[in-house]
Amino acid sequence: MAETLFPTRQRCKTCSKKLGGPGVAVYLGLHCSPRCAGLAEPHQDAATAPRECKTERNSHWEFKRRYRSFSEIPNNLREDPSTSWYWCGHCGSLHIGHSRIDLTRESHRVLGDREALSDLLVKSRGHATLKQVAEVAKIRPIRLKELEDPLSLKFDANALFAVLGVYRLKLAAVLREAPAGRKY
Ligand SMILES: [Zn+2]
Ligand SMILES: [Zn+2]
């Protein structure tokens, strides 16, 4: 049977303490503290926190937005079938995951940073291995690995275009912001 989660659950599953006052963290929807949830004390610095808990913005790490329950995720995100969410094993909160690539639904995507590009490349590769794609693209697998890693210092633009060719993707530049309310 599925566990009852916060906010329906009002008491910590482990110690029965009251759960989730205003702004008070709830862990995995069940617990009042990392300890009760069996988690390590979360890192205070995003730079050292695990990948699942952070996102890269303007070339530094920031913590991802934390939600204590599904009901706290804004409606527009919850109803968008291209978004996903997951329980974070570091902070015990829900995070919004990367949008999945669904080529039948998406015609183009704006890539605002390296992380978005990496995500596009990883998702496009699907179940193929680095080696398989690199072979078709006629590049070394390490070059593809670097492209898929938003933090790698090395970034070979020629390799990028070779890989995009394999995935049948083309890059475009957005020259103006879309009018308010319009989604890309
Ligand atoms: Zn507790
Ligand atoms: Zn987290």
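Remember, it's a predicted structure, so these values are computed and weren't measured experimentally. In listed order, ligands and their atoms are each counted from 1.
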Closer than 2.8 Å to the Zn ion (ligand 2) - protein N, O or S atoms, ordered by chain and residue number: Cys53 SG, Cys88 SG, Cys91 SG, His95 NE2
side-chain contact (heavy atoms from CB on, under 4.5 Å) assessment of Cys32 paired with Val26: CA-CA 5 Å; Cys32 73; Val26 175; over 6 Å; no
Basic-acidic side-chain contact under 4.0 Å: Glu115, Arg51: yes
N/O donor-acceptor pair under 3.5 Å between Arg114 side chain and Ser152 backbone: yes
Check: Tyr67 ring centre within less than 6.0 Å of His95 ring centre: no
Phe155 atom CZ, over 12 foreign heavy atoms within 6.0 Å: yes
Distance-only donor-acceptor check, side chains Arg65 and Ser93, under 3.5 Å: no
Atoms (protein N, O or S; no water) under 2.8 Å from the Zn ion (ligand 1): 4
Enclosure of Glu135 CD (heavy-atom neighbours >12, cutoff 6.0 Å): no
Min side-chain heavy-atom separation Arg68-Tyr27 under 4.5 Å: no
Plane angle bin for Trp87 and Phe70 - parallel if under 30°, tilted between 30 and 60°, otherwise perpendicular: perpendicular
